[in-house]
Q: 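Please see the structure below; I have some questions.
We count ligands from 1, going down the list as the structure has it; atoms in each ligand are counted the same way.
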Amino acid sequence: MSKLVVISNRVAVPKARGVAGAQGGLAGALNSALKEHRGIWFGWSGEECEEYTGSINIQRTDGVTTATMDLPKQDVDEYYNGYANSTLWPLFHYRIDLTEYEREFGKGYERVNERFAESAAPLIEPDDLVWVHDYHLLPLGERLRARGLNNRIGFFLHIPWPPTRLFVSLPFHERLVETMLHYDVLGFQTGEWLESFLHYCRKELGATVDEVTGRVEYGGRVTYAKAYPIGIDFAHLTEQGKTEEAKIAGEKLLASTRHRTAAIGVDRLDYSKGLPERIDGIARFFDQNPERVRDLIYIQIAPPSREDVESYQKIRKELEQKTGEINGARSEVDIVPIRYVNRGHSLAELCGFYRTAKICLVTPLRDGMNLVAKEYIAAQDPEDPGVLVLSRFAGAAQQMEEAVLVNPHSPDDLSHAIKTALDMPLKERKRRYEALIKTVRDDNVQDWTKNFADDLALLGKE
Ligand code: ADQ
């Protein structure tokens with residue numbers, strides 16, 4: 001029987017799941033996938049070594065085999081902090097202003113992708129399905145093919161694919177996309193990102209593209225590109241929401257609000273998540289509705305990430321400063337309107353917080369999908385559900401139209417959405433919840449995995 005080999009930048013063993021949120025939504029999704037198939041998960045250990053040796057460390061934890069390698073500091077600087085997180089991440093989130101085009105980063109990225117290929121290839125048997133994840137490893141499929149692998153190899157991009165006009169600002173953009181066309185299946189979060197990718201292939205590469213089936217023919221190879229919107233592990237989250245830990249967390253939050261409505265935000269501390277813009281929206285709400293300052297308390301949970309990258313240090317300072325300003329201007333003896341917590345929480349605790357908070361603000365400026373939006377809905381009490389305020393620019397908005405959709409750049413729009421959410425009658429909250437819970441429950445991560453793996457096994461196989 002063929003096995004599933006998952007390759008991503010980092011691996012996260014099941015017991016570490018949800019602890020710091022550092023791995024983002026990817027960790028939970030992949031652990032579910034690997035438990036179902038007889039899987040191996042390969043990636044960087046997160047550790048630095050003196051010199052690259054190519055040796056791998058294999059472990060078996062809770063039904064999942066993980067294989068990891070260490071990388072030297074120069075690789076981490078150029079590939080991870082450099083090309084992945086200072087070039088591709090900002091560019092793919094439409095932040096050309098933050099994008100760094102350093103030659104050394106590009107070289108480091110190619111070198112490390114070659115290292116991934118070298119170390120992963122011996123783990124792959126002829127019939128295995130190989131599933132590569134995310135922007136760190138765009139060229140890996142081509143590198144594996146260069147080592148003679150004829151396996152079915154698929155790739156899923158967790159973040160947006162930028163419009164062609166932005167993407168062409170990347171030096172050697174053709175080379176990068178040409179390498180991607182060595183995968184058999186390319187997955188995107190939404191139809192919008194998929195369309196941008198297909199547009200690029202047709203317009204810039206001159207590939208033969210069938211927009212309906214996603215078939216792309218280029219250089220004698222055929223690749224299928226499709227949208228596979230990622231979901232959450234609904235059953236697991238529901239279970240966690242019923243635990244004593246969740247109950248205690250929810251009660252603790254409720255007690256601390258002193259009869260005010262709690263609104264919550266849960267995000268990795270990242271400029272794509274629209275955090276300073278969100279705080280501006282809350283400030284605007286207080287300015288426009290001074291009589292309601294005592295009605296609302298906002299809790300922002302945002303553990304730091306990628307702290308070695310300068311733009312991440314800046315966003316942290318900016319958020320702390322903005323929060324401080326609002327609290328300085330609006331606190332009273334018994335109220336601090338914004339609470340900013342910068343540490344990780346278990347999924348059970350998050351479920352407790354989600355259920356207690358009557359409003360959730362998910363307002364990224366750009367986001368591949370956004371799993372927090374889905375987790376919040378999944379954790380609600382069906383008899384008294386809270387309101388999701390969701391950015392139009394999150395991939396999730398394409399499936400979750402019954403949320404209160406906002407333009408995260410506009411403080412007025414945010415302020416208006418907060419007021420709408422605060423005043424929404426129970427009947428309307430239930431109507432929206434019932435529509436939203438359907439997609440969150442039915443389009444879950446198990447289906448996502450199955451859809452991708454099924455297509456990877458069969459799509460376009462001649
Ligand atoms: P992320 O950018 O990390 O993921 P998101 O989808 O919101 O964004 O996932 C964040 C995950 O981290 C959620 O599961 C959340 O519960 C968890 N998390 C956040 N803060 C936490 C905290 N303080 N403690 C514990 N857990 C915390 C990337 C893309 C997204 C895409 C996912 C999955 O950027 O667009 O949805 O991958 O494909």
Side-chain angles (χ1 to χ4, degrees), residues 8-10 12 16-33 84-85 88-90 92-95 131 133-136 155-161 187-190 192-193 227-234 236-237 240-241 245-246 249 264-275 299-306 312 315 339-354 360-379 388 390-391 393-400 440 443-445 448-449 452:
S8 63
N9 173 55
R10 292 287 303 276
R17 176 178 182 168
V19 170
Q23 298 274 317
L26 189 55
L30 291 185
N31 273 306
S32 310
N85 287 327
L88 295 178
W89 176 273
F92 282 37
H93 287 87
Y94 298 46
R95 292 300 300 269
W131 188 2
H133 288 260
D134 232 359
Y135 58 100
H136 316 86
F155 175 87
F156 185 79
L157 183 66
H158 290 259
I159 66 175
W161 183 271
F188 297 86
Q189 297 272 25
T190 71
E192 190 181 341
W193 321 135
Y228 302 86
I230 198 169
I232 59 167
D233 187 342
F234 183 78
H236 178 66
L237 187 133
Q240 291 300 304
E245 195 185 354
I264 195 168
V266 176
D267 310 77
R268 252 185 332 97
L269 188 46
D270 190 298
Y271 48 81
S272 68
K273 303 291 180 186
L275 298 173
I299 296 123
Q300 176 65 58
I301 300 182
S305 63
R306 306 175 192 168
Y312 286 77
I315 190 84
R339 219 175 279 163
Y340 168 36
V341 184
N342 60 10
R343 72 173 187 87
H345 290 274
S346 69
L347 184 61
E349 285 177 308
L350 286 184
C351 286
F353 297 154
Y354 287 144
C360 183
L361 301 181
V362 178
T363 60
L365 305 180
R366 206 52 74 170
D367 214 332
M369 175 55 63
N370 194 295
L371 294 178
V372 170
K374 296 186 174 186
E375 292 168 359
Y376 177 72
I377 292 299
L388 173 66
L390 177 63
S391 164
F393 306 130
Q398 295 193 21
Q399 289 174 298
M400 303 179 86
V440 170
D443 305 325
N444 54 50
V445 75
W448 173 77
T449 309
F452 191 93

Q: Rounded to the nearest 0.5 Å, what separation is found between the CG atom of Asn370 and the NZ atom of Lys273?
A: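 Between atom CG of Asn370 and atom NZ of Lys273 there are 5.0 Å.
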
Q: Applying a 4.0 Å heavy-atom criterion (strictly less than), which segment of Arg343 is in contact with ligand 1: side chain, backbone, both, or neither?
A: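 Only the backbone of Arg343 comes within reach of ligand 1.
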
Q: Identify, with sequence neighbours excluded, every residue that meets side chain to side chain contact (heavy atoms under 4.5 Å, CB included) alongside Ala378.
A: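 In terms of side chain to side chain contact (heavy atoms under 4.5 Å, CB included), with neighbours along the sequence ignored, Ala378 is linked to Ile232, Phe234, Leu237, Val440.
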
Q: To the nearest 0.5 Å, tell me how far Asp233 CG sits from Glu375 CD.
A: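 One finds 10.0 Å between CG of Asp233 and CD of Glu375.
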
Q: Examine the proximity of ligand 1 to Leu350 and report which part, side chain or backbone, both or neither, has a heavy atom under 4.0 Å away.
A: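 Looking at Leu350 and ligand 1, just side chain atoms fall under 4.0 Å.
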
Q: Of the side chain and backbone of Val372, name the one, both, or neither that has a heavy atom under 4.0 Å from an atom of ligand 1.
A: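 The part of Val372 near ligand 1 is both the backbone and the side chain.
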
Q: Quick check: does Val266 get an N/O under 3.5 Å from an N/O on ligand 1?
A: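 No.
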
Q: Counting each atom of ligand 1 from 1 as listed, which ones have a heavy atom of Gln189 under 4.0 Å away?
A: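 The list of qualifying atoms is 31 (C), 38 (O).
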
Q: Please enumerate all residues that pass salt bridge (Lys or Arg N to Asp or Glu O under 4.0 Å) together with Asp443, with sequence neighbours excluded.
A: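 Here no residue qualifies.
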
Q: Using distance alone, decide if ligand 1 has a nitrogen or oxygen within less than 3.5 Å of any nitrogen or oxygen in Lys273.
A: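 In this structure, Lys273 places an N or O atom under 3.5 Å from an N or O of ligand 1.
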
Q: Suppose I only count heavy atoms of Glu375 and a 4.0 Å limit; which atoms of ligand 1 are within that range?
A: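 Listed by number with element: 13 (C), 14 (O), 15 (C), 16 (O).
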
Q: Parallel, tilted or perpendicular: which one describes the rings of Trp448 and Trp131, with boundaries at 30° and 60°?
A: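 Rings of Trp448 and Trp131: tilted, as their planes differ by 30° to 60°.
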
Q: Could you give the distance from CZ (Arg306) to CG (Asn85), rounded to the nearest 0.5 Å?
A: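 Reported value, rounded in 0.5 Å steps: 4.0 Å.
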
Q: At a 4.0 Å threshold, what atoms of ligand 1 neighbour a non-hydrogen atom of Gly368?
A: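 What qualifies from ligand 1 is 35 (O).
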
Q: Mind telling me whether Phe353 and His345 have parallel, tilted or perpendicular rings, with 30° and 60° as the class edges?
A: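 If you compare the ring of His345 with that of Phe353, the planes turn out perpendicular.
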
Q: Is any side-chain heavy atom of Gln398 closer than 4.5 Å to a side-chain heavy atom of Gln189?
A: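 No, too far: nothing below the 4.5 Å cut-off.
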
Q: Are any of the N/O atoms on Gly344, whether in the backbone or the side chain, positioned under 3.5 angstrom from an N/O atom of ligand 1?
A: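 No; the residue has no nitrogen or oxygen that sits under 3.5 Å from a nitrogen or oxygen of the ligand.
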
Q: Which of the numbered atoms in ligand 1 are below 4.0 angstrom from a heavy atom of Ile301?
A: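 Reading through ligand 1 atom by atom, the close ones are 23 (N).
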
Q: Below a 4.0 angstrom heavy-atom separation, can you tell me which part of Trp89, side chain or backbone, both or neither, approaches ligand 1?
A: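 For Trp89, only side-chain atoms sit under 4.0 Å from ligand 1.
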
Q: Kindly confirm or rule out an N or O of Leu371 lying under 3.5 angstrom from an N or O of ligand 1.
A: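 Among all N and O atoms of Leu371, at least one is under 3.5 Å from an N or O of ligand 1.
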
Q: For the residue pair Tyr312 and Tyr271, categorise the inter-ring angle as parallel (less than 30°), tilted (30 to 60°) or perpendicular (more than 60°).
A: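 Judged by the thresholds at 30° and 60°, the geometry between Tyr312 and Tyr271 is tilted.
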
Q: List every atom of ligand 1 that sits less than 4.0 Å from any heavy atom of Arg268, numbering the atoms from 1 in the order shown and giving each element.
A: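 Once the distances to Arg268 are compared, the set is 1 (P), 2 (O), 3 (O).
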
